[in-house]
Amino acid sequence: MKIRNSVPLWLRIGAPALVCVILAFVLLPVVVVFLASFNDKAILTFPPQSWSWRWFARVFTYQDFQDGFRASVVITAWASLLALVVGTALAIAVKRLEFPGKAALQAILLSPLVIPHFTLGLGLLILVAQLDLERGYAIVILCHVMLVLPFVLRSVYVSMENLDERLEHSAASLGASPLRVLFTITVPLLAPGLFGGWLFAAIMSFSEFTASLFVTTQSTQTLPVAMYNYVREFADPTLAALSVVYIVVTGALLAFANYFLGLGKILNIEETR
């Protein structure tokens with residue numbers, strides 16, 4: 001209370017006001033898109049003069065969106081699963097082992113967080129063209145694994161930090177094999193981090209557009225790429241409606257994960273008790 005009273009009045013009033021202004025600025029596009037998605041007219045305008053749900057119906061009936069959704073589900077499922085397996089193994093190795101080049105390996109694995117995605121997509125496209133490979137699902141999945149791997153690494157590594165290694169040592173001292181210790185002790189204790197890493201990888205993979213634009217074809221185009229192609233031809237509120245669906249589904253998944261797992265602990269922004 002003494003600390004609060006020592007803060008100047010202008011700061012006590014101005015700081016919350018500034019936070020509200022920043023939040024309003026960040027959320028304003030979301031509000032605009034949300035309202036525009038209910039516009040009855042076949043042109044994207046704001047504010048709506050009349051209201052309709054018909055653009056949401058078009059979201060689920062447009063053929064390219066259906067094909068893009070199916071492709072995104074396949075790519076996301078494989079990319080998130082592979083990233084989870086590879087990321088977990090690498091996180092355990094980085095945490096438990098000491099070897100030459102460890103710092104360099106960590107920097108390389110986390111580099112997709114700072115390298116523009118279009119650079120990775122373009123580089124992979126050039127490599128595929130030079131090797132005369134077909135741009136099928138395997139190439140797109142490989143691209144997405146590269147992009148989402150840092151999120152799995154981060155999530156699992158934080159769980160490793162909170163793991164009590166004495167439990168593993170106790171199981172090993174009682175005669176459990178290393179493989180049994182892994183699947184009966186380590187993996188269950190890492191479950192929140194594993195699920196959190198997989199969830200973020202799946203969301204990022206499903207929403208990835210920039211790199212996907214370079215490596216997909218008509219038969220493998222993801223939903224974000226299909227949305228980009230749609231907006232080049234049409235200017236109706238369909239994309240606004242689809243964006244609302246994206247926001248609602250993603251928000252629901254994150255709320256679910258936060259309620260059952262505690263995303264603050266997974267991301268190491270909340271103290272573990």
Side-chain angles (χ1 to χ4, degrees), residues 33 37 44 54-87 112-113 115-152 194-254 256-257:
V33 169
S37 66
L44 192 59
R54 64 175 175 145
W55 306 115
F56 287 90
R58 182 169 173 79
V59 165
F60 296 101
T61 58
Y62 188 64
Q63 187 61 45
D64 281 2
F65 289 166
Q66 294 177 357
D67 296 339
F69 176 77
R70 283 192 289 267
S72 290
V73 169
V74 172
I75 293 168
T76 297
W78 280 105
S80 58
L81 178 61
L82 291 174
L84 179 63
V85 174
V86 175
L113 293 175
I115 297 177
H117 288 190
F118 78 86
T119 304
L120 295 175
L122 179 59
L124 190 57
L125 174 62
I126 295 173
L127 179 62
V128 169
Q130 289 294 322
L131 297 177
D132 197 22
L133 299 176
E134 181 183 356
R135 284 190 294 159
Y137 278 104
I139 299 300
V140 184
I141 292 171
L142 174 62
C143 179
H144 281 219
V145 170
M146 294 167 55
L147 296 174
V148 304
L149 190 60
F151 297 94
V152 177
L194 295 175
F195 180 78
W198 172 85
L199 178 62
F200 276 103
I203 291 175
M204 295 300 298
S205 176
F206 195 87
S207 303
E208 168 56 37
F209 164 72
T210 310
S212 299
L213 186 61
F214 289 92
V215 296
T216 57
T217 62
Q218 181 63 34
S219 61
T220 61
Q221 70 172 0
T222 60
L223 183 56
V225 176
M227 294 170 63
Y228 170 75
N229 292 331
Y230 184 90
V231 79
R232 294 169 58 187
E233 301 180 15
F234 305 98
D236 58 49
T238 302
L239 283 190
L242 183 53
S243 299
V244 172
V245 175
Y246 253 107
I247 294 171
V248 171
V249 173
T250 303
L253 289 175
L254 292 177
F256 172 84

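These numbers were taken from a predicted model, which means no experiment stands behind them. Residue indices begin at 1 and follow the sequence shown.
How far CD1 of I139 is from CD1 of I75: 11.5 Å, rounded to the nearest 0.5 Å. Atom CG of residue L81 and atom OG1 of residue T76 lie 12.0 Å apart, to the nearest 0.5 angstrom. Summarising the geometry, atom CZ belonging to R58 is positioned 11.5 Å from atom CG belonging to L242; distances are rounded to the nearest 0.5 Å.
No option in V140, V128, T216, T220 other than V128 meets the side chain to side chain contact (heavy atoms under 4.5 Å, CB included) test with R135.
Shown here for M227 and S243, the closest heavy-atom pair between the two residues is CE-OG, 4.4 Å. Here the shortest heavy-atom pairing between S72 and T222 reads OG-CB, 3.3 Å.
Counting only heavy atoms from C-beta outward, the side chains of L253 and V249 approach each other to under 4.5 Å. Two residues are said to be in side-chain contact when any heavy atoms from C-beta on lie closer than 4.5 Å; V59 and W55 fail this criterion. Here the side chains of V73 and R70 are not in contact, with every heavy-atom distance at 4.5 Å or above. In this structure, the side chains of V152 and W198 stay at 4.5 Å or more apart for every pair of heavy atoms. F56 has its side chain within reach of V244: a pair of non-hydrogen atoms, C-beta onward, lies under 4.5 Å apart. Side chains of V86 and V145 form no contact here, defined as non-hydrogen atoms less than 4.5 Å apart.
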Check against side-chain hydrogen bond (donor to acceptor under 3.5 Å, both in side chains), H144 and S212: CA-CA 8 Å; H144 281 219; S212 299; 2.8 Å; yes

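Distance alone, capped at 3.5 Å, is enough to place a donor-acceptor pair between the T250 side chain and the Y246 backbone. A donor-acceptor contact shorter than 3.5 Å links the side chain of E208 to the backbone of T210.
Ring geometry, Y62 versus Y230: the interplanar angle exceeds 60°, so the pair is classed perpendicular (tilted spans 30 to 60°). The aromatic rings of F206 and F69 stand perpendicular to each other, their planes meeting at an angle above 60°, with 30° marking the opposite boundary.
Counting heavy atoms of neighbouring residues, nucleotides and ligands inside a 6.0 Å radius, atom CD of Q130 does not exceed 12 of them.
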